[in-house]
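Below is one structure; the comments refer to it alone.
Chain letters run A, B, ... following the sequence lines, proteins first, then strands; residues in each count from 1. These numbers were taken from a predicted model, which means no experiment stands behind them.
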Amino acid sequence: MGILTMDVFGQIYLGFSVALQPANLMFALLGAILGTMVGVLPGLGPTAAMSLLLPATFGISPVGSMIMLAGIYYGAQYGGSTTSILVNIPGEAASVVTCLDGYQMARHGRAGAALGISAFGSFIAGTLALLGLTFLAPILVDAALTFGPPEYFTLMCLGIVILTFLSHGSMLKALIMAVLGLWVGTIGIDSITGAQRYTFERPELMEGVGLVQIAMGMFGIAEILANIEGRIEVNTLETKLKGLFPTREDWKKSIGAILRGTGIGFFLGILPGGGAVISSFASYAIEKRFSKYPGKFGTGVIEGVAAPEAANNAAAQGAFIPMLTLGIPSNIVMALLLAALMIHGITPGPLLMEKHPGLFWGFITSMYIGNTMLLVLNLPLIPLWVKFLKVPYPILFPFIFLFCLVGVYTINNTVFDIYLMILFGIFGYVSRKFDYEPAPFILAVVLGPMMEKALRQSLIMSKGEFSIFLNRPISGVILSVAIFLLFFPLVLQGLKHYRKRTV
Amino acid sequence: MTKADQWSGLFLLLLSSWIIWGSLDLPYGTIRDPGPGFLPRWLGVILGGMSLALILKSTLQREKARMIRDLVTAKLRWKRIFLALSILFLFALLLDTLGFPLMVLLFLAGLFRFIDPQPWKTVIRWALAGTVGFYLVFEYWLSLRLPKGPWGF
């Protein structure tokens with residue numbers, strides 16, 4: 001253990017020497033600012049922004065592009081909370097819960113304290129989670145080296161099951177979306193035999209349906225369609241933003257919430273399928289349950305801002321672990337980062353740390369720097385972000401549309417991709433109307449091709465015996481958990497039914 | 001067939017049949033060495049089963065369910081959605097013919113004017129500013145290859 005820690009410190013030193021190079025510092029700053037901006041703007045989240053800039057990263061170094069794209073990701077978490085608090089519009093999904101108490105605090109003239117605690121809470125959570133990432137990653141890499149196709153397959157199954165288990169609506173519908181996503185993942189040329197699947201002989205579909213086209217459609221286009229259908233009234237509170245530094249009383253109330261939120265967020269972030277959105281909901285629910293005054297939640301309680309804000313930032317960091325150590329992206333943002341690495345010919349996975357230590361540690365340490373930049377930048381820049389929000393939505397949304405269109409066109413320079421994006425936009429819009437969630441679909445599209453390969457390799461290994469997934473200890477445990485989660489709601493429902501009858 | 005879930009279930013059932021039908025052309029392989037048709041076929045079967053379950057569940061459901069009627073006639077601004085989608089499709093259709101700058105100008109002006117109508121002065125000002133801005137950022141700064149119109153830009 002002693003040697004391991006020494007080793008980690010050496011690596012961190014290496015990381016900082018990479019991350020502190022002027023060019024990389026600039027990329028971190030650029031990412032953090034861009035991220036905050038898209039986080040502030042409703043309808044344009046980190047996914048769309050990262051997809052948009054992905055083609056532009058061809059020209060910069062792999063470390064630089066990773067640093068900038070990751071900056072957009074965690075910057076957006078900060079920015080999203082600003083709009084939740086000031087105008088009751090979550091800039092992106094992970095900040096939905098922050099609206100509940102944040103906006104109420106602002107209405108009571110405490111916007112400054114709410115923004116302050118959200119920034120400090122995010123910073124503390126981000127830093128603690130990064131420490132976790134720094135020390136956990138090497139240990140997990142060792143474990144990951146023993147993983148074979150059955151372990152990878154069951155782990156990805158678990159990811160999808162967790163996401164559907166934690167979804168708000170019907171689990172059946174979430175599972176349907178996941179299966180649909182897995183099917184979309186099979187479109188294109190089969191990587192093992194070269195057979196064409198569901199391509200309609202279109203050359204554009206040979207390599208499969210692009211992730212960016214799907215993500216921009218379902219998150220960008222669908223979101224704007226939902227927004228223009230109603231009328232968005234943006235009422236910025238005209239309160240003076242005094243007292244951004246939380247008082248001693250505020251700190252006393254929130255520090256526990258921040259630490260709990262960090263723990264929950266980090267843990268859910270590591271799990272494939274978990275992530276910022278779910279963890280913010282979970283931590284809010286837990287704070288409410290264990291509070292001395294649960295009835296006050298929703299009226300402007302500072303813990304109700306501190307906990308989810310800490311959780312979504314911790315989750316944002318935790319999610320890097322499966323991507324960096326196993327090469328499994330646990331959400332769409334990680335999948336985009338994975339794509340950025342692949343553009344430069346680098347395959348993430350257990351060997352990444354060994355083969356590209358400069359990239360691996362430079363990237364991780366850049367997030368310490370990025371987090372500090374955000375804390376310093378964000379508070380003074382809030383008035384600027386508020387000005388942004390004053391641009392009326394009818395003026396704003398055509399620009400967001402245009403960003404999506406240009407972004408998707410520039411991937412392959414083909415109009416076909418635009419059609420594809422619009423199609424997925426319509427699909428996303430309609431499926432929301434019918435209460436189907438987009439998240440399981442997207443995760444399944446991301447994991448689909450990897451899952452299929454792992455499944456087929458496992459079956460070849462075992463000569464067609466499905467028991468291979470249960471006989472190997474690690475995959476057996478993972479699969480059992482997945483099956484338990486899958487059937488748990490059914491058992492629960494059955495029990496309720498039974499009790500009703502007996503009473 | 002009045003509930004929203006019955007309709008979405010039916011659609012998914014049809015889709016799953018199509019997925020299975022498409023997978024029949026692909027080699028299934030054996031369980032010892034699964035072919036390219038293996039996973040799609042099973043996904044189609046599972047999807048079909050789940051959509052049947054959904055239809056059944058919503059048909060048997062006694063408590064209040066979402067009706068398809070509510071979804072269609074709810075106070076939605078269908079006209080806006082339809083217009084916005086048409087403008088998006090037109091962008092894709094005409095981009096290569098008209099070239100990037102002109103298309104962006106028309107696209108922005110169309111959305112400003114027809115979705116949530118703005119006065120012409122606002123429309124022209126923002127559309128022009130947006131076009132110049134986009135052109136500078138994407139063509140010059142990021143130097144992306146964007147389609148040119150017959151007039152060379």
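When heavy atoms are compared at a cutoff of 4.5 Å, A/Leu175 approaches chain B by way of both its backbone and its side chain. With a 4.5 angstrom heavy-atom cutoff, A/Phe399 touches chain B via backbone and side-chain atoms both. For A/Tyr409, the part sitting under 4.5 Å from any heavy atom of chain B is the side chain, from C-beta outward, and nothing else. Proximity to chain B (any heavy atom under 4.5 Å) is shown, for A/Leu402, by both the backbone and the side chain. In this structure, the portion of A/Gln196 lying under 4.5 Å from any heavy atom of chain B is its backbone and not its side chain.
Ring geometry for B/Trp18 against A/Trp183 counts as perpendicular: the plane angle is over 60°, on a 0 to 90° scale with 30° as the lower cut.
Closest of all the heavy-atom pairs between B/Arg32 and A/Lys463 is CG-O, 3.3 Å. Taking both residues in full, the closest heavy atoms of B/Ser23 and A/Tyr198 are given as N-OH, 3.5 Å, listed atom of the first, atom of the second, then distance.
For the pair B/Ile31/A/Phe466, a side-chain contact is recorded, criterion being any heavy-atom separation below 4.5 Å from C-beta on. B/Leu93 is not listed as a side-chain neighbour of A/Val415, based on a closest heavy-atom distance of 4.5 Å or more. Side-chain contact between A/Ile228 and B/Asp116: absent, with no pair of heavy atoms (C-beta onward) separated by less than 4.5 Å. Counting heavy atoms from C-beta outward, B/Phe100 and A/Val406 have side chains that approach closer than 4.5 Å. For the pair A/Leu405 and B/Val104, the minimum side-chain heavy-atom distance is 4.5 Å or more. Using a 4.5 Å heavy-atom threshold, the side chains of A/Arg456 and B/Pro36 count as touching. With a 4.5 Å cut-off on side-chain heavy atoms, B/Phe11 and A/Phe434 do not count as touching. Between A/Leu180 and B/Leu15 there is a side-chain heavy-atom pair separated by less than 4.5 Å.
Between chain B and the options A/Leu455, A/Ile221, A/Asp417, A/Ile426, heavy-atom pairs under 4.5 Å are most frequent for A/Ile426. With chain B as partner, the option from A/Thr410, A/Ile418, A/Ile422, A/Thr193 having the largest number of non-hydrogen pairs under 4.5 angstrom is A/Ile422. Contacts with chain B were tallied for A/Glu465, A/Gln457, A/Glu452, A/Met461; A/Glu452 has the most, counting heavy-atom pairs under 4.5 Å. Each of A/Ile395, A/Leu172, A/Leu225, A/Ile460 has some count of heavy-atom pairs under 4.5 Å with chain B, and the biggest count is that of A/Ile395.
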Verdict with supporting geometry, B/Trp42 and A/Leu182, side-chain contact (heavy atoms from CB on, under 4.5 Å): CA-CA 11 Å; B/Trp42 279 106; A/Leu182 287 177; over 6 Å; no
Worked check of side-chain contact (heavy atoms from CB on, under 4.5 Å) between A/Leu459 and B/Asp33: CA-CA 7 Å; A/Leu459 285 176; B/Asp33 185 9; over 6 Å; no
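Residues B/Phe91 and A/Phe401 keep their aromatic ring centres 6.0 Å or farther apart.
A salt bridge is defined here as a Lys NZ or Arg NE, NH1 or NH2 lying under 4.0 Å from an Asp or Glu carboxylate O, and B/Asp5 with A/Lys173 meets this definition.
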